[in-house]
Amino acid sequence: MIARSVRRRAAALLLASACAAGGAQAAAPLGRFPVDPQQVSVSGISSGAFMANQLHVAHSADIMGAGIVAGGLYGCAVDKLSDQGVMGLASLATGPCMSAPGLLKPVDTYARLVSDLAAKGWIDPPSNVAQARVYLFTGKADAVVNPKTVELATSLYRALGVPAAQVTFRDQDLPGAGAGHSWVTKAFGNACSANASPYINRCDYDQAGDVLQTIYGTLRPPAASPGGRIVPFDQKEFVAGGATAANGLWDTGYLYVPKACEAGAAQPCRLAIVLHGCLQSAETLGGEFYTRIGVNEWADTNGIVVLYPQAHAVSVSDLPPTPLAPMNINPNGCWNWWGYSSDTQFLTKQGVQISAIWSMVQRLTGRGN
Amino acid sequence: MNGTTDIFGNGMKYLFDVAAIELRNMEALGQAQQKLVEGWSLLAQRQAEIAQGTLRRSFDQQVPKEPTVGFGPAALIDQIDGLKTAILESQANSNILTELAARSSGEAMTILQSRLLAALDEFKAALGQVALPSPTK
């Protein structure tokens, strides 16, 4: 009992110091860690799932697997492709991609978009995607992103050549009534069927473990509580001109470093990028997402450094005063999967957010500056 | 005499500057009109797709995949779900058309606004170069 109380106090202190670092004072630059560049994965929930999917498809040559929770379907918000980039629409994102999947096009259309973008050299050749191991999840009580969208995202991976044996699709096999729109945990968060903040639900299901084991294979059991450290870092240096706010990125990101992955580690560690959803950034939830979704516990015992980049709500005041500004906002701090902030490359390697996250990966693996 | 020449020379330059500004304004107007036409064409294309989609889905619904149960609760639930889907799809379609229209006029407005701001700066600069004689009593 005492041990539990001490642990809780230590966690609160850790959280408080991490939150302070994310506030007014600038965080330290992201450092380099002993990470194997061949073992990089990306996962996310909701807008983080759409972004995880984009990041995976764009950098498929360097990402070994993806975990897509309540989101996905590459390019479903794209209305038009031209030589200058793509035009995405917020109404396609909130309509066909989320609430009216009957309006989505056949999966071949999205597979063709992937080929077209690869032909332009904007994303890696799609043949790389076929090597990946992919986890997709939709809760049957999800009232935010229609389960059909996630089913179609699964079909798209299959259409891109991922063998059935490498795809884990979870939808209705959970205990209880099925999950609402959420990252699912064994025992933390809202009731399982809830569709409400913090969008972390307790369904007696260890989603973190399922995601990581789908991607990395069988792992050692998770730690009872994480023994590593949370490292806040400066995200501004990863965006041209430090323009994080105008591009939907917060100034501070977070990294979870297990003790076994500190500098001088005996073996290189894996790297898992984990992306929060809308209304889940540290700006909104404090440290809840990056400390309570169960990933750090698995990371601790399996040598996984976890990168938690952070998005930011974009309002009209963050943008240049043009008549198009109201159409480029991101009020809920979502990742960019429909082209806000006038980003016409949001789903390619040149997209501001994808490029920023990838530069973080390069820094961690020692391949960047 | 020199003063008169300067005034005449500056006046001519001012006229040329104004003509160049007008020319650029006309170009911007043309670009804005082109953006609007592109937007309308996209809008029309999208409307046609929506109509096709609606026809296709209504045709699909004409052919039941399995025999219906009749008037039982299951059939009613199906109808309620169908109605909910129709409402959500109709709203989504309407939102798409609205956004396309707003985006198209927003792009045209952006061109005109930036041209107007530039033209005002150019006029200011042109006026600054005209050395008009100060009023005498």
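In what follows, chains are A, B, ... by sequence order, proteins preceding strands, each numbered from 1.
Heavy atoms closer than 4.5 Å to chain B are found nowhere in P320(A), neither backbone nor side chain. Residue L100(B) touches chain A through its side chain alone, counting heavy-atom pairs closer than 4.5 Å. With a 4.5 angstrom heavy-atom cutoff, M87(A) touches chain B only via side-chain atoms. Both the backbone and the side chain of A90(A) come within contact range of chain B, with heavy atoms under 4.5 Å apart. With a 4.5 Å cut-off on non-hydrogen atoms, L42(B) touches chain A through its side chain but not through its backbone. Neither the backbone nor the side chain of A108(B) comes within less than 4.5 Å of any heavy atom of chain A.
Of all the listed residues (A325(A), P323(A), A100(A), P96(A)), the one sharing the greatest number of non-hydrogen pairs under 4.5 Å with chain B is P323(A).
The 12-atom threshold is exceeded at CZ of F123(B), counting heavy atoms of other residues, nucleotides or ligands nearer than 6.0 Å. Residue M109(B) qualifies as open at atom CE: its count of foreign heavy atoms under 6.0 Å is 12 or below.
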To see if you've got the definition right, give the donor-acceptor pairs under 3.5 angstrom between chain B and chain A.
{"unit_1": "R46(B)", "atom_1": "NH2", "unit_2": "D79(A)", "atom_2": "OD1", "d": "2.1"}
{"unit_1": "E99(B)", "atom_1": "OE1", "unit_2": "A90(A)", "atom_2": "N", "d": "3.2"}
{"unit_1": "E99(B)", "atom_1": "OE1", "unit_2": "S91(A)", "atom_2": "N", "d": "2.6"}
{"unit_1": "E99(B)", "atom_1": "OE1", "unit_2": "S91(A)", "atom_2": "OG", "d": "2.6"}
{"unit_1": "E99(B)", "atom_1": "OE2", "unit_2": "A90(A)", "atom_2": "N", "d": "3.1"}
{"unit_1": "Q113(B)", "atom_1": "NE2", "unit_2": "P321(A)", "atom_2": "O", "d": "3.3"}

